[in-house]
Amino acid sequence: MSKTSWMIFSAAMVVSTCLFLQGEERLRTLTGSCSLAATANEAEAELRLERGGGCGAHGDCGSTQTQEPLSAFSGFALADLQREGARVDAAIRAEAGTITCSGAVHDGRLRGAFTFVPDPVFVDRMLQMGFRDLEPEKLQAYTLFHIGIAWVHSLQDADVSGLDSGNLIALRIFHVDTDYVRSLHALGYATPDAGKLIALRVQHVDPEEVKQIRAMGYQPTLDELIQMRIFKVTPDFIHRMQAKGLNDLTISKLVQIRIFRLAE
């Protein structure tokens, strides 16, 4: 083998090894302790997942606490928490993988160990759709928040830009979907990027309230809508300012009145 051929072969082996290791990392199983308990809502259970022990070689430390609908579990019912000493294997299966909490019931709470096993088919599909950095921790979050291929694909089809493996979680938590994007289109706004959609949802920008604001003669930008929500410039507040004879206030002036408490 010539020197040039050997160099090409060596480079190819390095690339192949890196790709193999990346694949192995994505499909790494997470482990730790877990617990399940009842909540005030009889249709939900509180799930806690803990990864500790010095964080391990992969930095496996951290905790997650969430309330999951009972319908998300297999092998578990609230009645199990009344059976002292009962052994239970509670599993949440989603497209991204499977979380299993296995343990025994004591004092109305299931305590034990959990495993999270990523789904390789899901990972491959996400890679094909252009997503990277699919660490097991993200895939576990995808499982808890039921992030699926169809929902991700719908956002891509709606031309939402700036999507990545990290902000998909926030988009899901704050209930961003194509219906919300379409409601903004109906108001004449171009499709916001992922970050702007998250900001709009975090501040509870509601299309119906936007219609009320527009009916009062204002044409706010998306950034102004976010600012109005932050400083509580609502249709009611605008009406109160108008009742005082302040009929020509710009959005910027209304925000300043709120910031400096000039209406008090």
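These values consider heavy atoms only, across backbone and side chains, with no hydrogens, waters or symmetry-generated copies.
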Just how far is it from atom [atom1] of [X] to atom [atom2] of [Y], taken to the nearest 0.5 Å?
X	Y	atom1	atom2	result
Phe114	Ser33	CZ	OG	7.5 Å
Asp236	Gln212	CG	CD	10.0 Å
Leu127	Arg132	CG	CZ	5.5 Å
Asn247	Met241	CG	CE	11.0 Å
Asp119	Thr143	CG	OG1	8.5 Å

If you look at every heavy atom in [X] and [Y], which pair is closest and at what distance?
X	Y	value
Arg26	Pro118	O-CG, 3.6 Å
Phe116	Pro136	CE2-O, 3.5 Å
Ala194	Gly162	CB-O, 3.7 Å
Leu168	Trp151	O-CH2, 3.4 Å
Arg229	Glu209	NH1-OE2, 3.3 Å
Leu249	Ile257	CD1-CD1, 3.6 Å

Quiz item: Side-chain heavy atoms under 4.5 angstrom apart, residues restricted to Ile, Leu, Val, Met, Phe, Trp, Tyr: same cluster for Met228 and Leu262?
Solution: yes

Practice problem: Among residues two or more places apart or on two chains, list those pairs meeting side-chain hydrogen bond (donor to acceptor under 3.5 Å, both in side chains) that have a residue in residues 70-79. | Solution: Ser74-Arg93

Quiz item: In a check of side-chain hydrogen bond (donor to acceptor under 3.5 Å, both in side chains) between Ser35 and each of Arg111, Arg48, Arg109, which one passes?
Solution: Arg109

Are any of the side-chain heavy atoms of [X] and [Y] separated by less than 4.5 Å?
X	Y	answer
Gln203	Ile226	yes
Met126	Leu139	no
Gln140	Glu137	no
Ile149	Met129	yes
Asp177	Ser154	no
Tyr189	Pro220	yes
Leu49	Leu30	no

Quiz item: Passes salt bridge (charged side-chain N to carboxylate O under 4.0 Å, His left out), Lys196 versus Asp193? Steps please.
Solution: CA-CA 5 Å; Lys196 187 65 62 67; Asp193 63 21; 5.7 Å; no

Quiz item: side chain to side chain contact (heavy atoms under 4.5 Å, CB included) between Phe131 and Leu163: does it pass, once the steps are laid out?
Solution: CA-CA 8 Å; Phe131 293 93; Leu163 295 171; 4.0 Å; yes

Practice problem: Please assess Leu70 against Phe76 for the test side chain to side chain contact (heavy atoms under 4.5 Å, CB included), listing each intermediate value before the final yes or no. | Solution: CA-CA 8 Å; Leu70 292 176; Phe76 170 74; 3.9 Å; yes

Quiz item: Distance-only, no hydrogens or angles: does the Glu68 side chain make a donor-acceptor pair with backbone N or O of Ile92 under 3.5 Å?
Solution: no

Quiz item: When you measure from the side chain of Arg214 to the backbone N and O of Leu187, does any donor-acceptor pair fall under 3.5 Å?
Solution: yes

Please check if the number of heavy atoms outside [X] that lie under 6.0 Å from its [atom1] is greater than 12.
X	atom1	value
Arg125	CZ	no
Glu42	CD	no
Asp248	CG	no

Practice problem: Take Ile198 and Leu171 through the test side chain to side chain contact (heavy atoms under 4.5 Å, CB included) and record every step on the way to the result. | Solution: CA-CA 6 Å; Ile198 292 167; Leu171 287 161; 3.6 Å; yes

Self-check item: Pair Ile251-Val233, side chain to side chain contact (heavy atoms under 4.5 Å, CB included): steps then yes or no
Solution: CA-CA 8 Å; Ile251 290 174; Val233 178; 6.0 Å; no

